[in-house]
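What follows is a single structure, written as structure tokens, with notes after it.
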Amino acid sequence: MPTYDERENLEPMLRALGEVLGPDDRVLVIDDNSPDGTGELADRLAAELPFVDVLHRERREGLGRAYVAGFRVALRERAALVLEMDCDFSHDPKDVPRLIEAAAGADIVLGSRYVRGGGVRNWGLVRQLLSRGASLYTRVLLMPVRDSTGGFKCFRREVLERLDLDAIGSHGYMFQIETTFRARRLGFRIVEVPITFVDREVGASKMSLGIVLEAIWKVPALRLAALRGRA
Ligand SMILES: Nc1nc2c(ncn2[C@@H]2O[C@H](COP(=O)(O)OP(=O)(O)OP(=O)(O)O)[C@@H](O)[C@H]2O)c(=O)[nH]1
Ligand SMILES: [Mg+2]
């Protein structure tokens, strides 16, 4: 779980996860030296909650690098499944067991807003159009996935072992698109399970124009690279 300035959300989120996780499940908080003190709070909570660990990174290098750093720790700690989720309650901790269960029949499980039973709450029209537009764009150019930009996602460890994580330079939504696309090209099976995404109530979104532009040009770039056999 990557965090950047999530002081208000972190404690309720970790406690909510504690209610749903199994005895062998662990949570790794990946904090990029948040100015609001999320990292110190994470340490305090890790001292109290036995299922919590914290990875502190010195500075922000984009969300993609934070995920990759977390994946490496999870693989090293011999995780069989690695699940990523946001700390802002857009991803409901109560959905975590359903994603984990679905991984019994797939290599990647996507928490999906755009399959039957899924949806979005409290997003304005612009955000909805942007998100649906990005998924449609990706569906046309890259792969038959209905929600390709979501960050609520469960990987079997074999997927992360096979992906060349250093070669994934993307950061925002593109990171999600690229990991799924590359895994698909390697023959891994993907399923989408419905989730309802709820806009955050506290803290600020880190969404930016740069993240949107990155996806706009990198989606076709990834298609071209694949055609040339380089992705
Ligand atoms: N470690 C780390 N975490 C980050 C970084 N940027 C965002 N995050 C975390 O990643 C998760 C998703 O970020 P959000 O700000 O919710 O961005 P988003 O979900 O893409 O955008 P919204 O839908 O508007 O909320 C949250 O838990 C953030 O705290 C980063 O640079 N480093
Ligand atoms: Mg969010």
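We count ligands from 1, going down the list as the structure has it; atoms in each ligand are counted the same way.
- Between W123 and F197, the angle of the ring planes lies from 30° to 60°, which puts this pair in the tilted group.
- Closest N/O/S atom of D88 to the Mg ion (ligand 2): OD2.
- The protein heavy-atom contact nearest to atom 32 (N) of ligand 1 is D32 OD2, 2.7 Å.
- For a threshold of 3.5 Å applied to N or O pairs, the pair formed by A66 and ligand 1 contains no separation below that value.
- A heavy-atom distance below 4.5 Å is not found between the side chains of M1 and L28.
- Listed by number with element, the atoms of ligand 1 under 4.0 angstrom from any heavy atom of R200 are 14 (P), 15 (O), 16 (O), 25 (O).
- Residue contacts with ligand 1: R127 is placed with a nitrogen or oxygen under 3.5 Å of a nitrogen or oxygen of the ligand (distance criterion only).
- Some N or O of K206 is nearer than 3.5 Å to an N or O of ligand 1, by distance alone.
- Look at D199 and the Mg ion (ligand 2): no N/O/S atom of the residue is under 2.8 Å from the metal.
- Counting protein heavy atoms only, atom 28 (C) of ligand 1 is closest to E6 OE2, 3.2 Å.
- Using a non-hydrogen distance threshold of 4.0 Å, R57 does not register as a contact of ligand 1.
- If you check which protein heavy atom lies closest to atom 24 (O) of ligand 1, you get S205 OG, 2.4 Å.
- Checking Y173, Y67, F197 against atom 20 (O) of ligand 1, the nearest heavy atom belongs to Y173.
- The shortest N/O to N/O separation between G62 and ligand 1 does not fall below 3.5 Å.
- Between F155 and F71, the ring centre distance stays below 6.0 Å.
- For a threshold of 3.5 Å applied to N or O pairs, the pair formed by D86 and ligand 1 contains at least one separation below that value.
- Remark: among candidates N33, D88, I211, the nearest residue to atom 25 (O) of ligand 1 is D88, based on non-hydrogen atoms.
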